[in-house]
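Everything quoted here is computed from the prediction, not taken from an experiment. As the structure lists them, so they are numbered: ligands from 1, and atoms in each ligand from 1.
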Amino acid sequence: MSESPRVRNVLRVNLIETESLEKRYGGTVTALADLTVTIEPGIVGLVGANGAGKSTLIKLSLGLLEPTGGKIRVLGLDPLTDGDAIRARVGYMPEHDCLPPDMSAAEFVTHMGRVSGLPPAAARERASETLRHVGLYEERYRQIGGYSTGMKQRVKLAQALVHDPELLLLDEPTNGLDPEGRRAMLTLVHRIGSEFGISVVVCSHLLGEIERICTSLVAIESGRLLRSATLSSMTQHSDILMIEVDDGEDALTDRLVGDGLAVRRKDRVLMVTLNGDTTFDTIRDAVADLDLSLHRLEQHRHQVADLFREEVSHA
Ligand SMILES: Nc1ncnc2c1ncn2[C@@H]1O[C@H](COP(=O)(O)OP(=O)(O)OP(=O)(O)O)[C@@H](O)[C@H]1O
């Protein structure tokens with residue numbers, strides 16, 4: 001984290017690339033099927049319902065599992081042959097609780113720093129630093145067994161960060177947290193991604209929750225790619241104008257339809273399909289002729305929900 005985002009961002013290598021990736025468990029359960037996706041640097045939400053295959057993809061990325069078909073590369077490396085190199089450059093926060101209750105957070109995170117190859121003094125220093133970043137500095141000498149769920153999640157995050165990785169893989173980091181705890185955890189993840197320049201792949205079954213912190217989203221369903229897109233491409237202007245007037249929506253609708261425009265109504269909002277630059281003039285003239293007061297006239301932006309949530313909700 002001491003390294004500047006500028007230096008890190010020079011390395012624009014893809015985070016994860018898969019080609020026809022397949023993972024079957026025991027020959028019967030197909031967790032991933034023909035998954036081809038390229039995940040670029042940034043804060044990436046990996047969304048999908050429970051059982052969609054998110055954890056399997058993360059474990060394949062770390063070389064903890066072997067694919068039964070296809071290819072996967074992480075930071076340009078092959079997890080099967082370059083597993084050590086990948087684990088040195090990647091931090092992993094697993095979904096389930098895996099913390100020793102009778103160790104303090106300081107001891108545990110220092111230990112994980114040592115496992116990652118840091119010398120003793122550097123591991124202790126980095127452990128303190130990362131525990132401060134995740135908001136556990138004051139509590140770092142208490143036994144983990146006495147921590148709340150939120151504090152345990154932060155220890156898991158700290159151990160993933162201790163060796164200063166380029167990429168963080170976070171599996172459902174908000175699991176078990178109350179709404180305030182979820183917000184705080186996501187704010188922390190966003191800070192790590194935006195201020196420290198560490199790329200993050202964050203798994204969640206809750207699209208609505210993670211979309212606000214992500215630069216791109218990858219949705220999977222039953223082990224297959226549903227959609228992959230950047231947030232900016234998803235929230236571009238559409239060709240729909242949203243109009244609200246104080247009163248007189250019916251009269252305005254009739255008039256605009258009479259002027260040849262396509263109008264849909266959603267409660268009190270008129271949604272008019274743009275038909276060249278003259279559409280604005282037509283609306284202005286209609287509002288003036290009907291003596292209405294105009295509250296809103298703006299080009300509708302696509303909502304992530306429109307493009308994604310519906311698909312994910314079926315997942
Ligand atoms: N070790 C395993 N043996 C057999 N089946 C497994 C194993 N691990 C996962 N699966 C199955 O593979 C599918 C994908 O599971 P995976 O854990 O990757 O999904 P997920 O999207 O991470 O969901 P969740 O958040 O619930 O873990 C599921 O049907 C799951 O039951």
Side-chain angles (χ1 to χ4, degrees), residues 15-39 43-74 79-80 83 86-87 90-99 149-150 152-157 159-160 167-179 181-183 185-186 189 199-214 216-229 304 308-315:
L15 306 179
I16 301 175
E17 282 177 274
T18 72
E19 205 184 303
S20 304
L21 186 66
E22 181 200 81
K23 177 63 190 173
R24 286 162 172 264
Y25 290 104
T28 48
V29 179
T30 303
L32 293 177
D34 196 22
L35 181 75
T36 299
V37 66
T38 298
I39 300 181
I43 306 176
V44 184
L46 180 59
V47 290
N50 289 333
K54 306 180 294 296
S55 302
T56 300
L57 179 58
I58 297 297
K59 288 175 190 165
L60 288 166
S61 303
L62 289 160
L64 302 175
L65 293 174
E66 274 190 41
T68 47
K71 291 186 190 148
I72 178 163
R73 292 189 87 74
V74 176
L80 286 185
I86 289 175
R87 288 187 288 273
V90 177
Y92 171 46
M93 176 177 173
E95 179 177 8
H96 299 293
D97 200 349
C98 51
L99 301 169
T149 308
K152 286 180 182 164
Q153 290 294 72
R154 284 162 187 260
V155 179
K156 278 161 59 180
L157 182 57
Q159 64 76 33
L167 166 62
L168 266 186
L169 302 177
L170 310 179
D171 200 346
E172 302 270 0
T174 58
N175 246 8
L177 303 181
D178 61 21
R182 303 176 89 90
R183 257 195 303 280
M185 173 57 79
L186 289 173
V189 172
S199 278
V200 183
V201 174
V202 50
C203 297
S204 178
H205 60 286
L206 299 171
L207 170 65
E209 189 174 86
I210 58 164
E211 72 183 55
R212 70 179 175 87
I213 66 155
C214 293
S216 64
L217 290 169
V218 173
I220 56 176
E221 177 187 20
S222 305
R224 293 175 187 277
L225 182 69
L226 209 55
R227 184 184 274 268
S228 168
V304 176
F308 245 99
R309 190 171 293 135
E310 200 178 314
E311 290 169 357
V312 171
S313 70
H314 294 310

Exercise. With heavy atoms under 4.0 Å as the rule, classify the contact between Glu95 and ligand 1 as side chain, backbone, both or neither.
Key: side chain

Exercise. Applying side chain to side chain donor-acceptor pair (under 3.5 Å), run through Thr56 and Tyr25 and close with a yes or a no.
Key: CA-CA 10 Å; Thr56 300; Tyr25 290 104; 2.8 Å; yes

Quiz item: Where is the nearest protein heavy atom to atom 17 (O) of ligand 1: which residue, which atom, and how far?
Solution: Ser55 CB, 3.6 Å

Quiz prompt | Lys54 N/O under 3.5 Å from ligand 1 N/O | solution = yes

Quiz item: Within the structure, does Val29 bring an N/O atom to less than 3.5 angstrom of an N/O atom in ligand 1?
Solution: no

Self-check item: Contacting atoms of ligand 1, where contact means under 4.0 angstrom from a heavy atom of Ala49
Solution: 21 (O)

Quiz item: What atoms of ligand 1 come within less than 4.0 Å of a heavy atom belonging to Ala52?
Solution: 19 (O), 20 (P), 21 (O)

Quiz item: Would you find a donor on one side and an acceptor on the other, under 3.5 Å apart, between the side chain of Lys54 and the backbone of Gly48?
Solution: yes

Exercise. Can you pull out the closest protein heavy atom to atom 23 (O) of ligand 1? Residue, atom name and distance to 0.1 Å, please.
Key: Gly51 N, 2.7 Å

Exercise. Let me know which of Val29, Thr30, Leu32 forms a side-chain contact (heavy atoms from CB on, under 4.5 Å) with Lys23.
Key: Leu32

Quiz item: So, does Arg87 use its side chain to make a donor-acceptor pair with the main chain of Leu62 at under 3.5 Å?
Solution: yes

Quiz item: For ligand 1, is any non-hydrogen atom under 4.0 Å from Cys203's backbone (N, CA, C, O), its side chain (CB onward), both, or neither?
Solution: neither

Quiz prompt | N/O donor-acceptor pair under 3.5 Å between Arg182 side chain and Leu177 backbone | solution = yes

Quiz prompt | Ala31, any N or O under 3.5 Å of ligand 1 N or O | solution = no

Exercise. Using side-chain contact (heavy atoms from CB on, under 4.5 Å) as the criterion, point out the one residue from Asp171, Leu170, Leu167, Leu57 that pairs with Val201.
Key: Leu167

Quiz prompt | Rounded distance [0.5 Å steps], CG in Asn50 versus CD in Glu95 | solution = 7.5 Å

Quiz prompt | Enumerated ligand 1 atoms positioned under 4.0 Å from heavy atoms of Glu172 | solution = 25 (O)

Self-check item: Protein contact of atom 4 (C) of ligand 1 - nearest heavy atom, named by residue and atom, plus distance
Solution: Tyr25 CB, 3.4 Å

Quiz item: Atoms of ligand 1 less than 4.0 Å from Asn50 heavy atoms?
Solution: 23 (O), 25 (O), 26 (O)

Exercise. Apply side chain to side chain donor-acceptor pair (under 3.5 Å) to Thr38 and Glu17, showing your working.
Key: CA-CA 4 Å; Thr38 298; Glu17 282 177 274; 4.6 Å; no

Exercise. Mark whether atom 31 (O) of ligand 1 lies under 4.0 angstrom from at least one protein heavy atom.
Key: no

Self-check item: Under 4.0 Å to a heavy atom of Thr56 - the qualifying atoms of ligand 1, by number
Solution: 15 (O), 16 (P), 18 (O)

Quiz item: Of all the non-hydrogen atoms in the protein, which one sits nearest to atom 19 (O) of ligand 1, and at what distance?
Solution: Gly53 N, 3.2 Å

Quiz item: Measuring to protein heavy atoms, does anything land under 4.0 Å from atom 28 (C) of ligand 1?
Solution: yes

Exercise. Say whether, by atom type as modelled, one donor and one acceptor occur between the side chain of Thr36 and the main chain of Ser20 under 3.5 angstrom.
Key: yes

Exercise. Drop me the distance from Lys59's NZ to Leu169's CG, to the nearest 0.5 angstrom.
Key: 12.5 Å

